[in-house]
Amino acid sequence: MKAKKPSEMSIEELLKTQKTIKTTIKVLILIAILLLLLIVFIFLKKGFLSLMVFPLSMAFLIVNSNFLKEIQEEIATRNLE
């Protein structure tokens with residue numbers, strides 16, 4: 001199922017999606033910090049390894065942040081009307 005655009009959502013859907021995305025971003029930040037610590041630990045113990053998990057988690061964080069901005073803009077637009 002394809003996600004709706006913010007302009008197609010009701011205000012209730014926008015607020016619910018906003019809350020979900022904020023929670024997701026917080027969890028992704030926590031995971032990114034844990035992964036960074038793990039990478040540093042492994043680097044200190046075994047030397048350099050090519051770990052691509054950290055950059056991938058950052059990509060998800062950026063995508064969610066951009067969608068959150070769109071939702072917040074749509075909420076602000078509807079509150080002004």
Side-chain angles (χ1 to χ4, degrees):
M1 183 168 92
K2 188 174 180 181
K4 292 182 182 179
K5 294 181 181 179
S7 59
E8 298 171 349
M9 295 180 183
S10 67
I11 193 72
E12 293 84 15
E13 289 176 312
L14 287 170
L15 293 172
K16 183 179 177 184
T17 305
Q18 179 185 25
K19 183 178 177 183
T20 303
I21 290 175
K22 282 184 177 182
T23 304
T24 303
I25 288 173
K26 289 175 186 176
V27 169
L28 286 173
I29 288 172
L30 178 65
I31 291 171
I33 291 170
L34 292 173
L35 287 174
L36 182 60
L37 292 173
L38 180 64
I39 289 170
V40 169
F41 177 75
I42 291 172
F43 177 76
L44 293 174
K45 288 289 182 184
K46 297 189 178 196
F48 180 75
L49 297 173
S50 58
L51 298 172
M52 296 300 294
V53 177
F54 186 70
L56 289 175
S57 67
M58 296 307 292
F60 288 118
L61 217 140
I62 292 168
V63 169
N64 279 324
S65 296
N66 290 338
F67 192 58
L68 180 61
K69 283 182 188 176
E70 290 178 20
I71 288 175
Q72 289 173 334
E73 289 172 0
E74 186 66 30
I75 290 171
T77 302
R78 291 186 186 189
N79 287 337
L80 295 176
E81 293 176 358

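One is the number of the first residue; the rest follow in order along the sequence.
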Rounded distance [0.5 Å steps], [atom1] in [X] versus [atom2] in [Y]:
X	Y	atom1	atom2	value
T23	K19	OG1	NZ	7.0 Å
Q72	Q18	CD	CD	5.0 Å
T20	L15	OG1	CG	10.5 Å
T24	L68	OG1	CG	10.0 Å
I25	F67	CD1	CZ	11.0 Å

Is there a path of hydrophobic side-chain contacts, each under 4.5 Å between heavy atoms of I, L, V, M, F, W or Y residues, that connects [X] with [Y]?
X	Y	value
I29	L37	yes
M9	I11	yes
V27	L34	no

K69 and E73 ion-paired at < 4.0 Å:
no
I71 and L14: which non-hydrogen atoms are nearest, and at how many Å?
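Taking I71 first and L14 second, the nearest heavy atoms are CG2-O, 3.5 Å.
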List the steps, then state whether salt bridge (Lys or Arg N to Asp or Glu O under 4.0 Å) holds for R78 with E74.
CA-CA 6 Å; R78 291 186 186 189; E74 186 66 30; 3.1 Å; yes
